[in-house]
Number of protein chains: 2
Amino acid sequence: MTPQAPTPAYRRLSVEERRSQLLDAALSLFAHRAPEEVSLDDVAEAAGVSRPLVYRYFPGGKQQLYEAALRSAADELRHCFDEPHEGPLLLRLSRALDRYLAFVDQHGTGFSALLQGGSVVETSRTTAIVDGVRRAAAEHILSHLGVAGPGPRLRMTIRMWITAVEAASLIWLDEDKQPPADELRDWLVEQFVAVLEVTARRDPQTEALVRELAADL
Amino acid sequence: MTPQAPTPAYRRLSVEERRSQLLDAALSLFAHRAPEEVSLDDVAEAAGVSRPLVYRYFPGGKQQLYEAALRSAADELRHCFDEPHEGPLLLRLSRALDRYLAFVDQHGTGFSALLQGGSVVETSRTTAIVDGVRRAAAEHILSHLGVAGPGPRLRMTIRMWITAVEAASLIWLDEDKQPPADELRDWLVEQFVAVLEVTARRDPQTEALVRELAADL
C-alpha cells in the first residue's frame with residue numbers, strides 16, 4: 001500500500017514471519033556453537049528482538065526452540081533430496097550430494113552437534129527427527145533406483161552408505177573441509193557403486209541394479 | 001582353606017568382585033531394555049542384593065551405574081580388537097569382526113540404545129566413551145595395516161567403514177540377526193576392500209596398501 005517498503009525495524013511481521021525469523025537466527029547461532037551453548041538471550045540479540053518476545057514464541061524455552069530449529073533444518077535437508085526422476089542415476093545422486101554438502105558447509109557446528117549426539121538438549125524426540133531424515137534419504141534413493149520392494153541386503157547397503165556419508169561429513173568439517181567438496185562428492189558416489197557391487201555378489205536384486213547402473217552411464 | 005568352596009550366597013565378595021557382579025547384572029539388563037528403563041531396584045533384584053548395597057557402590061545412582069556399565073562394555077568391546085599381528089590381514093579382520101558380532105549378539109538392545117543415542121541418560125561423557133572405542137578400532141586397523149602416518153583420505157575411509165559396520169550391527173539387530181553372522185562378516189570384509197579400492201584411485205598411500213592386501217591373500 002505504501003510506495004516504499006518500510007524498513008525491517010518498523011515492519012510488523014506476521015506470526016509465521018516472526019517465527020521463521022527467530023528460527024533463522026537460532027540456526028545461524030547453532031551453525032557456530034553447540035546447542036547447549038546458545039541461550040534464548042543470544043537468539044533475541046541475534047534477531048534484534050526482546051527476550052520476552054522469544055519466550056512468547058517458544059514458551060518451552062531452549063529445548064522447544066532447539067527442536068523447532070532442528071525440524072526446520074531437517075526440512076531444509078529433505079529439500080536437498082528433491083531431484084527430478086530423469087537423467088543418469090549417478091548424476092542425480094551427485095546433484096543431491098552437492099546440495100547436501102552445501103548444507104553441511106553452511107550449518108557447520110550445528111550439524112555436527114546434532115548428528116554426533118551428546119548434546120545436553122538431545123532427547124529421543126530430536127533423535128527421531130534425525131532418523132526421519134535418514135529414512136527419507138533411503139526412500140529417495142530407492143525410488144530413483146526404481147526399486148519397489150527392496151530386499152534386506154539392498155536396504156542394509158543403502159542405509160550403511162547413508163551412515164558412511166554422514167560420518168564423512170562430520171570428518172570433513174573436522175578436517176577444515178578437506179578434500180574439496182567436489183572431490184568428496186565423486187568419492188562418495190564411487191563408494192556407493194562399490195558397496196552395491198559387493199552386495200551384488202550375494203543378492204540377485206542388487207546384481208540386476210548394478211547392471212542397470214553400468215548401462216546407464 | 002576350606003575343603004569345599006562356599007556357595008555364592010554365603011561367600012563374602014571383595015569390593016572389586018561385588019562391583020563387577022553389579023556391573024554384570026546391569027549389563028545383562030541393558031541387553032534387553034533401554035538404559036532409562038532399568039532402575040537400581042532392578043539391578044539389586046537381578047544381582048540378588050539389597051538396594052542400599054547397590055547405592056553404596058553407585059552413590060551417583062542410575063547415571064553413575066550406567067556410565068560404569070558402559071565403560072565395562074567398552075573395555076569388553078576393545079578386547080574384540082585384540083588380534084595378534086600375524087597371518088593374512090583380512091583373516092585378522094575377519095576374526096576381530098567375529099568377536100565384535102558376538103558382542104553385538106550378546107548385548108543386543110543395550111548395544112543399540114547406546115549407539116543410537118536418544119537415551120535420557122546419554123551425556124557428553126557417555127558419547128566420549130563410545131567415541132573412544134571407535135578411535136581404538138581405527139588405530140587397531142591402521143596398526144595391523146602397518147601404516148604409521150595415515151593420510152586424511154585413508155583415515156577417512158577407515159572411519160567411514162567403522163561407522164558403516166556400526167550401522168550394519170544396529171540394522172542386523174533390528175532384522176532379527178539376518179543375514180547370519182558369518183555372511184555379514186564376509187560382506188563387511190569385502191566392503192572394507194571395496195572402499196579402500198575406491199580411495200586408492202585418488203590416494204597413492206591407499207593404492208600401495210590395496211596392492212599389499214591383494215598380495216597377502
Side-chain angles (χ1 to χ4, degrees), chain A residues 34 36 113-120 122-131 134 138 151-153 155-172 174-179 183-184 186-203 206, chain B residues 34 36 113-120 122-131 134 138 151-153 155-172 174-179 183-184 186-203 206:
Chain A
E36 56 266 37
L114 165 63
L115 286 190
Q116 285 182 299
S119 155
V120 293
E122 196 186 355
T123 65
S124 52
R125 274 203 306 283
T126 60
T127 305
I129 297 174
V130 179
D131 274 342
R134 289 184 185 125
R153 285 169 184 77
R155 262 188 292 128
M156 203 192 252
T157 310
I158 304 274
R159 286 171 66 187
M160 285 170 76
W161 179 80
I162 289 170
T163 315
V165 169
E166 273 180 38
S169 332
L170 293 173
I171 299 167
W172 187 64
D174 263 357
E175 310 233 330
D176 293 322
K177 303 181 182 171
Q178 283 302 318
E183 181 186 334
L184 179 58
D186 290 344
W187 188 12
L188 294 172
V189 171
E190 288 174 39
Q191 286 195 15
F192 180 77
V193 177
V195 292
L196 282 178
E197 282 169 353
V198 169
T199 303
R201 294 177 203 157
R202 47 178 61 77
D203 181 49
T206 308
Chain B
E36 57 265 36
L114 166 63
L115 286 189
Q116 285 183 298
S119 155
V120 293
E122 195 186 357
T123 66
S124 51
R125 275 201 307 283
T126 60
T127 305
I129 298 172
V130 178
D131 273 342
R134 287 183 187 125
R153 285 171 183 75
R155 262 189 292 127
M156 203 193 251
T157 310
I158 305 275
R159 286 172 66 187
M160 285 170 76
W161 179 79
I162 290 170
T163 315
V165 169
E166 273 179 39
S169 332
L170 292 173
I171 299 167
W172 186 64
D174 263 358
E175 309 232 331
D176 293 322
K177 304 182 183 171
Q178 284 303 317
E183 181 185 336
L184 180 57
D186 289 344
W187 188 12
L188 294 172
V189 171
E190 288 174 40
Q191 285 195 16
F192 180 76
V193 176
V195 291
L196 282 177
E197 281 169 352
V198 169
T199 303
R201 294 177 203 157
R202 46 178 62 78
D203 181 48
T206 310

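A note on names: the letters A, B, ... follow the listed sequences, proteins ahead of strands, and every chain is numbered from 1.
Neither the backbone nor the side chain of B/Trp161 comes within contact range of chain A; no heavy atoms are under 4.5 Å apart. Only the side chain of B/Leu184 comes within contact range of chain A, judged by heavy atoms closer than 4.5 Å. Neither the backbone nor the side chain of B/Leu196 comes within less than 4.5 Å of any heavy atom of chain A.
The line from CZ of A/Arg159 to CG of B/Asp174 is 6.0 Å long, rounded to the nearest 0.5 Å. Taken from CD1 in A/Ile171 to CZ in B/Arg155, the straight-line distance is 9.0 Å, to the nearest 0.5 Å.
Shown here are the ring-ring contact (aromatic ring centres under 6.0 Å, His included) partners of B/Trp187, two or more places apart in sequence or in another chain: there are none.
In terms of heavy-atom pairs under 4.5 Å with chain B, the best-connected choice from A/Arg153, A/Glu175, A/Arg201 is A/Arg153. Ranked by heavy-atom pairs shorter than 4.5 Å toward chain B, the options A/Arg202, A/Gln178, A/Gln191 are led by A/Arg202.
The minimum heavy-atom distance between B/Ala168 and A/Met156, with the atom names listed, is O-CE, 3.8 Å.
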